[in-house]
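Comments concern the structure below.
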2 protein chains.
Amino acid sequence: MGSESRCENCIIRQFNSLRAMTKEELKQVSDSKTSKIIKKGEAIFEEGEKLNGVFCVREGVSKLSKLSSNGKDQIVKLATKGEVMGQRSVIAEETSNLSAVAVNDMKLCFIPKEAIVNTLHKNPDFTFEVLRLMAHDLREADDVIVNISQKTVKQRIAEAFLYLKSNYGEDEEGYLVLTLSREDIANVVGTATESCIRIISEFKKKGLLKSSGKKLGILDEKKLKDLAEGF
Amino acid sequence: MGSESRCENCIIRQFNSLRAMTKEELKQVSDSKTSKIIKKGEAIFEEGEKLNGVFCVREGVSKLSKLSSNGKDQIVKLATKGEVMGQRSVIAEETSNLSAVAVNDMKLCFIPKEAIVNTLHKNPDFTFEVLRLMAHDLREADDVIVNISQKTVKQRIAEAFLYLKSNYGEDEEGYLVLTLSREDIANVVGTATESCIRIISEFKKKGLLKSSGKKLGILDEKKLKDLAEGF
DNA sequence: TTGAAAAGGTGACAAATATCATATATATTT
DNA sequence: AAATATATATGATATTTGTCACCTTTTCAA
């Protein structure tokens, strides 16, 4: 087994709470973890499922969503390289309130909850680090609430593209690296797929976005920003 | 100073993370805390403000809200007896993302952040307890996101009344203990005040709610539940 | 106690958004 | 390569919700 398969040597760790673990703790995590490969579209866990551990994202992106009674999926968060999924449920000892599905091909590490919970009770630095990141997630959730309830669909879609650019970047030709389907974008902003498609078409006509195959790119960031702010 | 003014003897503590503090730590908190009386409508802290500590609610209810660019206030959470406000900002070392305003007359304790942060780095039980409660808040925030984006205003208002009943109870005559203005209810569910008033009137006409002065009461819980679920 | 301010209420209308139907393009499977 | 499924697109229409105007009732302070 190559040394990069050990948590101690994993660079991803630097982006999440595991960086606050001691060498000993990391060794324990590394010994108990398993790696998983998940293909685009496959589920990692389902809403209501009891999680026996957390998932550390090494490659790819996962959408964390919740099904509402009317059958629509609301995407609450996108989890990327370095992020840990399922922490909330493990900590609160509740079943998962969200489903996780791979947006593209992914590599994950599954860490059994014992290794995590143990450290949570012993290493305050680690616990604090998890807390700090969760505080950040909570702020983001608050922002989403305000955005959804106060901004128009058009504003939220504009914002979504700005978010995709700033979080996942664009390729050499100026197309967004993370390609989401119109349906996924609709589920992020909380609207009907048709409304989303219509507004994206409008943005393309107005020269704010460009497209090539499945890829979408931002042409006029300034105008998108103005739009998102309500001008 | 009466003994009930000491955190060690405060019953409220049992409802929040402070119950995981040691006697020594509580003494330190108690020595540094100050009590505050806040009248209905007064602000406790504002969005963007740097918080030098947290507020423990001893009596009354506070609304935590965020102003959006169009001038409307979105209430993200109601904080009651036992809850601690401002933790998120202190932990993340960020300015507050929310404003806190008293919904009715309140008694608060202000605990300077040093006493909290110190303990966070030393007592894993306390840190874990804070984490556990924040995990719970995060789940609630996720639920709010899904509700706002997937349910109609009518459903959300029905839900708000069920929430008020189950969280704050009703008096002998069946009126809700916590009386919110129509505007506040509108800001909780994320709608226009007029729309909220209209729907409450409709609920009264249909015999789902009753009113007496400012007070509102639930007459038909079953139907309200059905409505909230979309029937 | 009375007059101003705030909260509650309602109608008319406009705007935003969802829904349904249907068409076309693109991807996937056989 | 044809057949099938899935994603994107767009028009027509219905529904929901917001906005503005105005009125009444309640609250509160001078």
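Reckoned from all heavy atoms, side chains included, excluding hydrogens, waters and symmetry mates. Here is the naming used below: chain letters follow the sequence lines, and residue numbers restart at 1 for every chain. Remember, predicted model here, so these are calculated numbers, not experimental data.
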*Would you mind listing every ring pair (Phe, Tyr, Trp, His ring centres under 6.0 Å) that reaches into residues 45-91 of chain A, with sequence neighbours excluded?*
Phe45(A)-Phe55(A), Phe55(A)-Phe110(A)

*Not counting sequence neighbours, list each pair that qualifies as a ring pair (Phe, Tyr, Trp, His ring centres under 6.0 Å) and has a residue in residues 165-187 of chain B.*
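Not a single pair qualifies under ring pair (Phe, Tyr, Trp, His ring centres under 6.0 Å).
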
*Any salt bridge (Lys or Arg N to Asp or Glu O under 4.0 Å) involving residues 102-113 of chain B? Give me the pairs, sequence neighbours left out, ordered by first then second residue.*
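Those involving residues 102-113 of chain B are Glu59(B)-Lys107(B).
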
*asked:* For residues 178-193 of chain A, which residue pairs pass the side-chain hydrogen bond (donor to acceptor under 3.5 Å, both in side chains) check, not counting sequence neighbours?
replied: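 Output for this query lists Lys63(A)-Asp184(A).
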
Using distance only, find each side-chain donor-acceptor pair of residues 206-224 of chain B under 3.5 Å and give its atom names and separation, not counting sequence neighbours.
| residue | atom | partner | partner atom | Å |
| --- | --- | --- | --- | --- |
| Lys206(B) | NZ | Glu202(B) | OE2 | 2.8 |
| Lys210(B) | NZ | Glu173(B) | O | 2.7 |
| Ser211(B) | OG | Lys204(B) | NZ | 3.3 |
| Asp220(B) | OD1 | Lys222(B) | N | 3.4 |
| Asp220(B) | OD1 | Lys223(B) | N | 3.1 |
| Glu221(B) | OE1 | Lys165(B) | NZ | 2.6 |
| Lys222(B) | NZ | Asp226(B) | OD1 | 3.3 |
| Lys222(B) | NZ | Asp226(B) | OD2 | 3.0 |

Donor-acceptor under 3.5 Å ([X] side chain, [Y] main chain):
{"X": "Arg58(A)", "Y": "Cys109(A)", "value": "no"}
{"X": "Gln74(B)", "Y": "Val188(B)", "value": "yes"}
{"X": "Glu170(A)", "Y": "Leu176(A)", "value": "no"}
{"X": "Asn16(B)", "Y": "Gly82(B)", "value": "yes"}

*asked:* Reading DNA chain D in the 5' to 3' direction, which nucleotide is the first one with an atom under 4.0 Å from a heavy atom of chain A, and which is the last?
replied: dA7(D) to dA12(D)

Check: residues 95-103 of chain B side-chain donor-acceptor pairs under 3.5 Å, at least two apart:
| residue | atom | partner | partner atom | Å |
| --- | --- | --- | --- | --- |
| Ser96(B) | OG | Leu98(B) | N | 3.1 |
| Ser96(B) | OG | Leu98(B) | O | 2.6 |
| Asn97(B) | OD1 | Arg88(B) | NE | 3.4 |
| Asn97(B) | ND2 | Asp142(A) | OD2 | 3.1 |
| Ser99(B) | OG | Glu47(B) | N | 3.0 |

*side-chain contact (heavy atoms from CB on, under 4.5 Å) involving Val144(A) - partner list, sequence neighbours excluded*: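 For Val144(A), the residues satisfying side-chain contact (heavy atoms from CB on, under 4.5 Å) (neighbours in sequence not counted) are Ile148(A), Ile145(B).
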
*Mind checking Lys72(B) for me? I need base, sugar-phosphate or nothing, with any heavy atom below 4.0 Å counting as a touch.*
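Touches sugar-phosphate only.
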
_I need the residues from residues 153-162 of chain B with at least one non-hydrogen atom less than 4.0 Å from DNA chain C; give them sorted by number, or say none._
none

*asked:* The criterion is salt bridge (charged side-chain N to carboxylate O under 4.0 Å, His left out); which residues satisfy it with Asp137(A), sequence neighbours excluded?
replied: Lys77(A)

_Test side chain to side chain contact (heavy atoms under 4.5 Å, CB included) on Lys154(B) and Phe203(B); report intermediate values, then the result._
CA-CA 9 Å; Lys154(B) 204 176 284 186; Phe203(B) 284 178; 3.7 Å; yes

_Both Ile199(B) and Ser195(A) contact DNA chain D. Taking the nearest nucleotide for each, which residue is further toward the 5' end?_
Ser195(A)

*Mapping Lys151(B) and Gly213(B) onto DNA chain D by nearest heavy atom, which one lands closer to the 5' end?*
Lys151(B)

*asked:* Please list, in numerical order, the residues of residues 184-192 of chain B that have a heavy atom closer than 4.0 Å to any atom of DNA chain D.
replied: Thr191(B), Ala192(B)

_Can you build the contact string for nucleotides 5-10 of chain C? Use B for base contact, S for sugar-phosphate-only contact, and - for no protein heavy atom under 4.0 Å._
--SSBB

